[in-house]
Amino acid sequence: MTSLRAGFVEGGRTILPVLPAAATVALAAGVAAPTAGLTPLQSVAMSVVVYFPSVMLAALDLIGDGVPAAVVVVTALVVGVRVVVLSLSIAPYFRRFSAGWKMALAYFLWTPVYALTVERFAAEPAADVRGYYLGLALPLWTTVQAAVVGGVAFSTSVPSGLHLEFIVPLAFIALLRRFVTDRTTVVAAVVGGGLAVPGVRLPLGLGVVVATVGGAAAGVLAARWGVR
Amino acid sequence: MTGHAAAPATAWLLIAALGVGTFALRLSFIGLYGRLGTLPPGVERALRFVPVAVLAALVLPALVTLDGPGGPAGGARLVAGVVGGVVAWRTDSMTATIAAGMATLWGVQLALG
């Protein structure tokens, strides 16, 4: 058990530099939630239940546009679907744990926690990663929830003429920069964005879904044709 | 963009569905380790492009519409989005991107009265 505690302390120290960036995206989600029409309680509940700021931002963007709930859920989950790859990659480290532990650890799975855990334990795949993983995850979770609460409080106390809803596309632009890593991802972004502009005329907010499929397909084709 | 408040029951259902959905995505391979195998390489390749495509698809319609920038208010959004993009690429900082974009939006709107 002492190794669990030592791992927890080490993880807590490692996650510190990541907290400001996580707080910013969570703050943006907190500001956006009441702007999209959620009550403060719903806003915070969404953050705790979903615990995925980019998924939350996407959902809020579409809720604010009055898109039907089913399309909101599908599109927002598409934003989060990359976490499946993280789940696949980290699964071997969790294989010995009980179903309850697996569920608890899965709830906290997010890119920084995944990346730091896999980096730390790549050379010792048989080690017990729980202490370190939770040492990363709990400060990150606490920071995200605190920032969302702060964002909600700020959002409900300023006049609507400030157009705080514009924080959402700006946050997406900053996130987009991190995913544009080579020319194939540029192709996916240009085609996805380009299809979405006329796509707003499609019913039920399906334009975003069509544009995403088109953009991802364009990226795959570009890679196949040797673009790099 | 405000005022589209969903009915309360719808909002709670939506939150629950998003929670179940994200949890299922996270648990997928962790929960079914050894039983689910691996993703087909084609699917894994396509998944790499999903975040970038969906983010672009959410951003661009917020900046431009088919009818052009859509009047002075729309023009301010386009200019603020471009400024935010430049700052994002230069700094890789979400805080700087949001600050520069919002400052530009307010500045242009003030200038246009």
Side-chain angles (χ1 to χ4, degrees), chain A residues 24-25 35 37-38 42 45-46 49-50 52 55 58-59 61 64 66 69 72-73 76-85 87-88 91 94-95 102 106 109 160 163 165-167 169-177 179-180 185 188-189 192-193 196-198 200 208 211-212 215-216 219-220, chain B residues 1-6 10-19 21-23 25-31 33-34 38-39 44-66 77 80-81 84-85 88-89 92-95 97-98 101-102 105-106:
Chain A
T24 317
V25 58
T35 322
L38 295 190
Q42 287 169 341
M46 185 182 210
V49 169
V50 176
F52 207 141
V55 168
D61 189 42
V72 172
V73 171
L77 290 181
V78 164
V79 174
V81 78
R82 68 181 184 278
V83 83
V84 169
V85 178
S87 180
L88 170 68
F94 295 165
R95 69 187 181 283
K102 283 180 180 172
L109 185 61
S160 63
H163 294 286
E165 76 280 354
F166 196 66
I167 286 177
L170 289 170
F172 286 150
I173 289 171
L175 287 175
L176 194 54
R177 188 225 182 278
F179 286 107
V180 173
T185 44
V197 172
V200 296
V208 176
T212 302
V220 170
Chain B
M1 311 237 169
T2 47
H4 289 289
T10 314
W12 284 114
L13 272 177
L14 206 137
I15 291 165
L18 281 172
T22 45
F23 183 66
L25 293 177
R26 284 177 160 129
L27 188 62
S28 56
F29 284 92
I30 293 172
Y33 182 75
T38 54
L39 288 174
E44 203 160 336
R45 268 199 300 274
L47 280 182
R48 211 187 122 226
F49 293 106
V50 166
V52 79
V54 72
L55 287 171
L58 290 171
V59 167
L60 225 59
L63 306 183
V64 283
T65 65
L66 276 189
R77 279 202 298 276
W89 254 259
D92 194 16
S93 156
M94 184 173 285
T95 314
T97 305
I98 290 175
M102 292 308 290
L105 184 74
W106 294 331

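Letters A, B, ... mirror the listed sequences (proteins, then strands); counts begin at 1.
- Within the 4.5 angstrom heavy-atom criterion, only side-chain atoms of B/Trp106, from C-beta onward, approach chain A.
- Rounded to the nearest 0.5 Å, atoms CG (B/Leu63) and CZ (A/Phe172) are 12.0 Å apart.
- Counting heavy-atom pairs under 4.5 Å between each of A/Ala106, A/Ala58, A/Ala211 and chain B puts A/Ala106 at the top.
- Using a 4.5 Å cut-off between heavy atoms, A/Phe166 contacts chain B through both its backbone and its side chain.
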query: How far apart are the C-alpha atoms of B/Val54 and A/Val208, what are their side-chain angles, what is the distance that settles it, and do they pass the side-chain contact (heavy atoms from CB on, under 4.5 Å) test?
result: CA-CA 7 Å; B/Val54 72; A/Val208 176; 4.2 Å; yes

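- In this structure, B/Thr97 and A/Ala174 approach most closely via the heavy-atom pair OG1-CB, 3.9 Å.
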- prompt: So B/Leu18 and A/Phe52, side-chain contact (heavy atoms from CB on, under 4.5 Å) or not? Walk me through it.
  reply: CA-CA 10 Å; B/Leu18 281 172; A/Phe52 207 141; over 6 Å; no

- request: Would you sort out whether A/Val83 and B/Thr22 count as a side-chain contact (heavy atoms from CB on, under 4.5 Å), showing the intermediate values?
  value: CA-CA 9 Å; A/Val83 83; B/Thr22 45; over 6 Å; no

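- Chosen from A/Val49, A/Leu175, A/Leu109, the residue pairing most often with chain B at heavy-atom distances under 4.5 Å is A/Leu109.
- To the nearest 0.5 Å, atom CG of residue B/Leu58 and atom OG1 of residue A/Thr212 are 7.0 Å apart.
- Of all the heavy atoms in A/Val50 and B/Ile15, the pair that sits closest is CG2-O, 4.3 Å.
- Most heavy-atom pairs under 4.5 Å with chain B: of the set A/Ala188, A/Gly80, A/Ala76, this distinction falls to A/Ala188.
- Nearest heavy atom pair, residue A/His163 against residue B/Met102, reads O-CE, 3.3 Å.
- The heavy-atom pair separating A/Leu38 from B/Ala11 by the smallest distance is CD2-CB, 4.1 Å.
- Remark: the backbone N or O of B/Ile30 is paired with a side-chain donor or acceptor of A/Ser87 at under 3.5 angstrom.
- When all heavy atoms of A/Leu176 and B/Ala56 are compared, the pair lying nearest together is CD1-N, 3.9 Å.
- Note: A/Gly192 leads A/Gly192, A/Pro169, A/Ala59 in heavy-atom pairs under 4.5 Å with chain B.
- Of the two parts of A/Val78, the backbone and the side chain both hold a non-hydrogen atom closer than 4.5 Å to a non-hydrogen atom of chain B.
- The choice from A/Ala196, A/Gly215, A/Gly193 that makes the most heavy-atom pairs within less than 4.5 Å of chain B is A/Gly193.
- Taking each heavy atom of B/Gly81 and A/Ile173 in turn, the nearest pair found is O-CD1, 3.6 Å.
- To the nearest 0.5 Å, atoms CZ (A/Arg177) and CG (B/Asp92) are separated by 4.0 Å.
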